[in-house]
Amino acid sequence: MSRFLILVVVFLFCVASSYAANDVNLQDLCKQTKYPSFCLTLLKSKPRNVGGDLVSLARYSIDVLNTNASATVTLIKKLIAESRGVPKKQAHYKDCLDHFGEDGILGDLLETRLLLKSSDYQGVNIHMAGVMTNVDDCLSGYSSDTSLLPKYANDVNQVADIILIIAAILLKK
Ligand SMILES: *[C@@H]1O[C@H](CO)[C@@H](O)[C@H](O)[C@H]1NC(C)=O
């Protein structure tokens, strides 16, 4: 009986939360980003337990960005090891590690979580612009990079753009 009740409560909660009044129209939101179809795919694939309001979507996107940036750092470390003996290339990857690591993007993301928690949307916005600058600074250092790094970095850029737009909308509210 009690298990049945829990199921009913959980079911009602899911129904209620999927029709929450403050749910964002994802089409409208993603239209404002630089890469609308990437944005739609990402936000539509959010887990069910993530709310559909702007703050929940921002929090979820920051988690995705953190995973993306961590994967990029892992890749960069591998590329640094592989480019031993090719100083110019290795210097480029070491430079990218600075831009993506704790002193760069990963550090920015830690702060961004706190800023979102304290509803400092201007701060979130500034930090996402900082992430995108770090990505550009890394990529512009070496135009003939044929590794997976440009693709990984591009994912980071696109997710940062989504968070930047969400923060801009929250700021206007
Ligand atoms: C970034 O995250 C998205 C969504 O989870 C995923 O599809 C994409 O493959 C990730 N990219 C990298 C480089 O980890």
Side-chain angles (χ1 to χ4, degrees), residues 14 17-18 23-83 89-117 124-170:
C14 288
S17 59
S18 58
D23 270 12
V24 183
N25 179 319
L26 294 182
Q27 294 279 355
D28 289 347
L29 168 63
C30 289
K31 254 196 315 216
Q32 300 175 58
T33 66
K34 279 191 216 143
Y35 319 95
S37 65
F38 179 90
C39 171
L40 271 179
T41 307
L42 187 97
L43 295 182
K44 277 186 175 165
S45 64
K46 76 179 171 61
R48 297 190 70 116
N49 62 335
V50 173
D53 60 290
L54 285 167
V55 172
S56 302
L57 292 176
R59 202 182 305 123
Y60 168 68
S61 304
I62 292 170
D63 287 343
V64 172
L65 185 52
N66 197 56
T67 308
N68 276 178
S70 300
T72 311
V73 165
T74 304
L75 172 70
I76 294 172
K77 286 182 176 161
K78 192 176 125 232
L79 293 169
I80 290 175
E82 284 173 3
S83 58
K89 211 169 174 181
Q90 199 183 43
H92 159 61
Y93 292 133
K94 283 186 171 164
D95 179 51
C96 283
L97 188 58
D98 288 342
H99 286 299
F100 276 88
E102 306 294 336
D103 296 330
I105 293 173
L106 286 183
D108 270 335
L109 285 174
L110 274 181
E111 270 181 60
T112 307
R113 279 185 213 279
L114 299 177
L115 291 167
L116 183 68
K117 218 175 254 175
V124 172
N125 205 312
I126 290 169
H127 277 71
M128 287 308 104
V131 166
M132 293 159 109
T133 305
N134 271 307
V135 171
D136 283 347
D137 287 349
C138 155
L139 291 182
S140 64
Y142 195 73
S143 53
S144 50
D145 192 340
T146 53
S147 73
L148 277 175
L149 180 55
K151 191 218 165 285
Y152 277 41
N154 196 41
D155 279 2
V156 169
N157 225 345
Q158 298 191 40
V159 181
D161 179 60
I162 296 171
I163 301 165
L164 188 138
I165 296 296
I166 295 176
I169 299 172
L170 282 165

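Just so it is clear, the model here is predicted, and its values are computed rather than measured. FYI, side chains are in, hydrogens and waters are out, and symmetry mates aren't considered; it's all heavy atoms of this structure. Both counts, for ligands and for their atoms, begin at 1 and track the order of listing.
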Colleague: Here's a test for you: under side-chain contact (heavy atoms from CB on, under 4.5 Å), which of Asn66, Asp161, Val64, Val131 qualifies with Val156?
Modeller: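 With Val156 as partner, side-chain contact (heavy atoms from CB on, under 4.5 Å) holds for just one option, Val131.
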Colleague: Please identify which atoms of ligand 1 are closer than 4.0 Å to at least one heavy atom of Val64.
Modeller: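 So the atoms of ligand 1 that pass are 2 (O), 4 (C).
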Colleague: For Asp63, is there an ion pair with Arg59 - N to carboxylate O distance below 4.0 angstrom?
Modeller: no
Colleague: Does an N or O from Asn68, backbone or side chain, lie closer than 3.5 Å to an N or O of ligand 1?
Modeller: yes
Colleague: Identify, by atom number and element, the atoms of ligand 1 in contact range of Ala71, meaning under 4.0 Å from any of its heavy atoms.
Modeller: 14 (O)
Colleague: Test of understanding: given a 4.0 Å heavy-atom threshold, classify the contact between Thr72 and ligand 1 as side chain, backbone, both, or neither.
Modeller: neither
Colleague: Which part of Val156 is near ligand 1, with near meaning a heavy atom under 4.0 Å away: side chain, backbone, both or neither?
Modeller: neither
Colleague: Distance to 0.1 Å, residue and atom name: give those for the protein heavy atom nearest to atom 4 (C) of ligand 1.
Modeller: Leu42 CD1, 3.7 Å
Colleague: Just checking, any donor-acceptor pair under 3.5 angstrom between side chains of Asn157 and Tyr35?
Modeller: no
Colleague: Within a 6.0 Å radius of atom NZ on Lys94, are there more than 12 heavy atoms belonging to other residues, nucleotides or ligands?
Modeller: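 Open: at most 12 neighbouring heavy atoms sit under 6.0 Å from NZ of Lys94.
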Colleague: With side-chain contact (heavy atoms from CB on, under 4.5 Å) as the test, would you mind laying out the steps for Ile165 and Ile169 before giving the verdict?
Modeller: CA-CA 6 Å; Ile165 296 296; Ile169 299 172; 4.1 Å; yes
Colleague: Report the distance from atom CG of Asn154 to atom CG of Leu148, rounding to the nearest 0.5 Å.
Modeller: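 Rounded to the nearest 0.5 Å, the CG-CG separation comes out at 12.5 Å.
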Colleague: Return a yes/no value for Asp155: is any of its N or O atoms, backbone included, closer than 3.5 angstrom to an N or O of ligand 1?
Modeller: yes
Colleague: Protein heavy atom under 4.0 angstrom of atom 7 (O) of ligand 1, is there one?
Modeller: no
